Amino acid sequence: MSDAKQTPDSVKKRTPEQIEAEIARTRAQLTDTVNELSDRLDPRAQIDAAKEVATERARSFADDVSRRDPKALATLGASVAAAALLIVLRWRRR
């Protein structure tokens with residue numbers, strides 16, 4: 001876009017073709033922005049992106065566990081222990 005502090009003289013110096021070209025550039029930029037925002041805010045696209053991230057993290061974690069990474073094994077152990085604790089607590093309430 002052009003400078004916001006244009007003087008009336010500099011505006012007069014532009015040709016109709018220059019003005020039309022600037023309008024076309026601005027219109028293309030606005031179209032790109034609207035399309036990008038539409039893609040970012042699309043719930044289905046967000047769900048698909050979240051699924052991809054979760055799948056990749058699960059694969060990475062499984063790979064770490066299979067390589068016997070101590071951090072991954074500790075996380076797995078803590079998760080199993082927490083699940084077991086919740087099951088026991090629920091069972092005791094009955």
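Everything quoted here is computed from the prediction, not taken from an experiment.
- Checking side-chain atoms of Thr33 against main-chain N and O of Gln29 turns up a donor-acceptor pair under 3.5 Å.
- In terms of the side-chain hydrogen bond (donor to acceptor under 3.5 Å, both in side chains) criterion, Arg57 has no residue partners (sequence neighbours excluded).
- With sequence neighbours excluded, the residues forming a side-chain contact (heavy atoms from CB on, under 4.5 Å) with Ile23 are Ile19, Arg27, listed by chain and number.
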With a cut-off of 3.5 Å and sequence neighbours excluded, list every side-chain donor-acceptor pair involving residues 40-48.
| from | atom 1 | to | atom 2 | distance (Å) |
| --- | --- | --- | --- | --- |
| Arg40 | NE | Glu36 | OE2 | 3.4 |
| Arg40 | NH2 | Glu36 | OE2 | 2.6 |
| Asp42 | OD2 | Ala45 | N | 3.4 |
| Gln46 | NE2 | Arg40 | O | 2.8 |

Please report, to 0.1 Å, the donor-acceptor pairs under 3.5 Å made by any side chain of residues 70-84, with sequence neighbours excluded.
| from | atom 1 | to | atom 2 | distance (Å) |
| --- | --- | --- | --- | --- |
| Thr75 | OG1 | Lys71 | O | 2.9 |
| Ser79 | OG | Thr75 | O | 2.9 |

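- Scored by the salt bridge (Lys or Arg N to Asp or Glu O under 4.0 Å) test, Glu56 finds no partners at all (sequence neighbours excluded).
- With hydrogens and angles ignored, the 3.5 Å screen pairs a side-chain donor or acceptor of Arg67 with a backbone N or O of Asp63.
- Residues forming a side-chain contact (heavy atoms from CB on, under 4.5 Å) with Gln18 (at least two apart in sequence, or on another chain): Arg14, Thr15.
- Take Arg93 and apply the side-chain hydrogen bond (donor to acceptor under 3.5 Å, both in side chains) test, not counting sequence neighbours, and it matches no residue.
- With sequence neighbours excluded, no residue forms a side-chain hydrogen bond (donor to acceptor under 3.5 Å, both in side chains) with Asp69.
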